[in-house]
There are 2 protein chains.
Amino acid sequence: MPNDHPPANPGEPTTVEAVRERLVAVTGGLPKRLRQCADYVAQNLDRIAVSTVADIAAGADVPPSAVIRFCQLLGFSGYSDMQRLFRDAYSPGWPNYATRLENLKSGPSGSPRAMVAEFIEAGRMSLEKLAQSLDDAALEQAVATLAGAGTIHVVGFRRAYPVASYLAYVLAKMEVPAILHHGAGHLDQRFALRPGDAMLAITFAPYSDETLALAAAARAAGLAVVGLTDTAASPLSRSANTLLTVTEVDFGAFRSLSATIALAISLAVAVGTARR
Amino acid sequence: MPNDHPPANPGEPTTVEAVRERLVAVTGGLPKRLRQCADYVAQNLDRIAVSTVADIAAGADVPPSAVIRFCQLLGFSGYSDMQRLFRDAYSPGWPNYATRLENLKSGPSGSPRAMVAEFIEAGRMSLEKLAQSLDDAALEQAVATLAGAGTIHVVGFRRAYPVASYLAYVLAKMEVPAILHHGAGHLDQRFALRPGDAMLAITFAPYSDETLALAAAARAAGLAVVGLTDTAASPLSRSANTLLTVTEVDFGAFRSLSATIALAISLAVAVGTARR
DNA sequence: AGGATTTTGGAATATTTGTTCCACAGGGTC
DNA sequence: GACCCTGTGGAACAAATATTCCAAAATCCT
């Protein structure tokens with residue numbers, strides 16, 4: 001991810017840590033108002049991302065202009081400049097995503113190399129987001145449910161199918177009784193759902209009707225349903241006892257699936273281990 | 001920071017939780033643009049506090065005014081109003097990726113979340129490695145080959161099957177004539193290989209005999225064969241005109257597939273684009 | 001198909017927010 | 001006490017951001 005803020009002053013801190021250090025270094029022999037700023041900022045570093053100059057000024061009990069001066073003292077060009085650092089740091093590499101897409105569309109129309117770079121980036125971001133937003137409790141519950149079930153019915157069509165098939169592969173390798181439901185032959189597989197079984201249904205927007213229908217059928221038959229989807233608002237939530245959500249950053253029309261697969265394998269391995 | 005916002009609309013959510021619920025409630029029978037907003041917002045709740053309307057709009061790929069309308073639909077008077085809620089609630093649990101990963105790993109080893117952390121790590125490393133070691137020339141050549149072919153035969157079994165199926169999905173979406181060869185019915189599919197077609201074969205150690213056999217048959221029939229495998233020494237190199245290699249870091253017995261999939265989609269998208 | 005209704009995009013406008021600048025206050029020096 | 005020099009506040013200005021509004025497009029009913 002190339003730096004999109006090219007003209008960084010020399011001496012301008014580029015990480016939150018650097019700001020913290022600069023703050024310590026500078027605090028000493030500072031005029032009254034600037035010292036107030038330093039103190040307040042030091043104690044409220046985490047609120048800079050969401051505060052206006054006026055907020056900070058009020059908090060430090062100084063006029064806004066003093067805050068700006070203070071930022072400049074730290075090496076920034078102004079408050080906005082400093083704030084950007086904190087906003088970006090909150091979760092690295094977010095903005096300008098739309099811009100990059102534009103660039104790619106307009107640029108030397110996506111050399112394969114550039115495309116790979118974009119998908120790598122999307123994958124990396126997805127993984128980071130997963131690390132941040134994973135719902136431990138739901139995961140534990142999903143593992144418990146699937147570990148205690150008879151046969152595990154894995155369902156996923158379209159873009160979810162690769163995930164479903166890998167899941168089925170891993171479960172099979174771990175000698176867990178699992179069945180991958182694919183559309184082959186257009187059989188009605190509802191009657192394969194036996195009491196005591198569990199279903200692991202995977203679908204992302206735009207949600208596949210077949211998957212939703214199978215999940216609903218499973219639920220109606222009294223099976224435990226674990227859903228793997230993209231948002232809590234997914235229609236899958238109606239059928240699922242346990243819902244795991246994973247946000248995949250997609251580039252162009254296609255998702256990288258990195259995060260989804262990471263979560264899926266973990267789930268499978270954990271279930272396999274738990275069933276020993 | 002006391003609450004200085006006396007005139008709260010009736011029906012206006014007052015907690016982040018309430019927003020989430022409202023989001024779920026409202027998602028359904030929403031016009032296109034508003035739904036895009038809903039989806040994006042649902043997946044990026046945590047960024048609202050630090051984003052401008054323009055950011056959100058760009059992310060959801062809608063004009064700014066749609067975002068405002070969406071906020072009003074949620075019960076707020078506008079974006080600022082909604083943002084205030086998130087800013088007040090904002091407390092960066094330092095979602096710093098590295099720290100968060102540490103936390104995840106900190107669980108009892110073998111716990112599901114520790115496992116997720118490991119797979120995330122493996123995925124990230126794989127992606128990084130891909131970025132470094134990608135062979136541009138081979139990629140260009142692969143794209144050229146596949147873009148110039150008639151039908152593309154995608155082959156991959158076992159752990160390569162998820163990749164193959166995703167590849168087939170993406171190619172289909174891009175309206176490229178592609179066939180996914182799976183073992184269903186154990187048919188002998190060699191005779192489907194027609195002159196002018198190309199094969200995209202995927203296999204990793206331990207290499208699948210079926211894949212190797214199909215690739216060899218394709219080569220014998222004069223088709224161009226693009227191989228996607230793990231090392232240049234792979235037996236696939238005997239049949240492949242062009243060989244793409246991708247090293248996947250695996251955790252335990254299973255690979256994350258992140259890098260493989262990133263490369264595969266890029267290839268598919270590049271081919272799809274080139275065929276226009 | 002035709003008319004009513006909803007949805008949409010974007011230009012115009014309003015508002016908020018950030019920044020600059022300058023006149024002035026205070027405190028130290030000769 | 002006059003002179004500088006640093007620090008200060010706030011008014012004026014500039015930039016960004018949010019919001020409204022309306023004509024055009026799409027969609028939904030007969």
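Because the structure is a prediction, the values reported are computed rather than measured.
For the pair A:Arg255 and A:Phe204, the cation-pi criterion (under 6.0 Å, within 45° of the ring axis) is fulfilled.
Between the side chains of B:Gln43 and A:Thr231, not a single donor N or O lies within less than 3.5 Å of an accepting N or O. Under 3.5 Å, the side chains of A:Ser234 and A:Thr229 contain a donor-acceptor pair of N or O atoms. Under 3.5 Å, the side chains of B:Arg33 and B:Gln36 contain a donor-acceptor pair of N or O atoms.
Scanning DNA chain C 5' to 3' for nucleotides with an atom closer than 4.0 angstrom to a non-hydrogen atom of chain B gives a first and last hit of C:dT7 to C:dG10.
By the ring pair (Phe, Tyr, Trp, His ring centres under 6.0 Å) test, B:Tyr79 is found to be paired with no residue, residues two or more places apart in sequence or in another chain being considered.
Straight-line distance from the CD atom of A:Gln36 to the P atom of D:dG7: 14 Å, rounded to whole Å. The CG-C1' distance, from A:Leu73 to D:dT6, rounds to 14 Å in whole Å.
Atom CD of B:Glu17 is surrounded by more than 12 heavy atoms from other residues, nucleotides or ligands within 6.0 Å.
Using the six-membered ring where Trp is involved, B:Tyr169 and A:Phe254 have ring planes that are perpendicular, over 60° apart on the 30 and 60° scheme.
Heavy-atom minimum distance, A:Ala49 versus A:Gln83: O-NE2, 3.5 Å.
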Restricting both atoms to N or O, compile the protein contacts to nucleotides 14-23 of chain D shorter than 3.5 Å, with distance only.
| residue | atom | partner | partner atom | Å |
| --- | --- | --- | --- | --- |
| D:dA18 | OP2 | B:Val53 | N | 2.6 |
| D:dA18 | O3' | B:Ser80 | OG | 2.7 |
| D:dT19 | OP1 | B:Ser80 | OG | 3.3 |
| D:dT19 | OP2 | B:Tyr79 | N | 2.6 |
| D:dT19 | OP2 | B:Ser80 | N | 3.4 |
| D:dT20 | OP2 | B:Gln72 | NE2 | 3.0 |

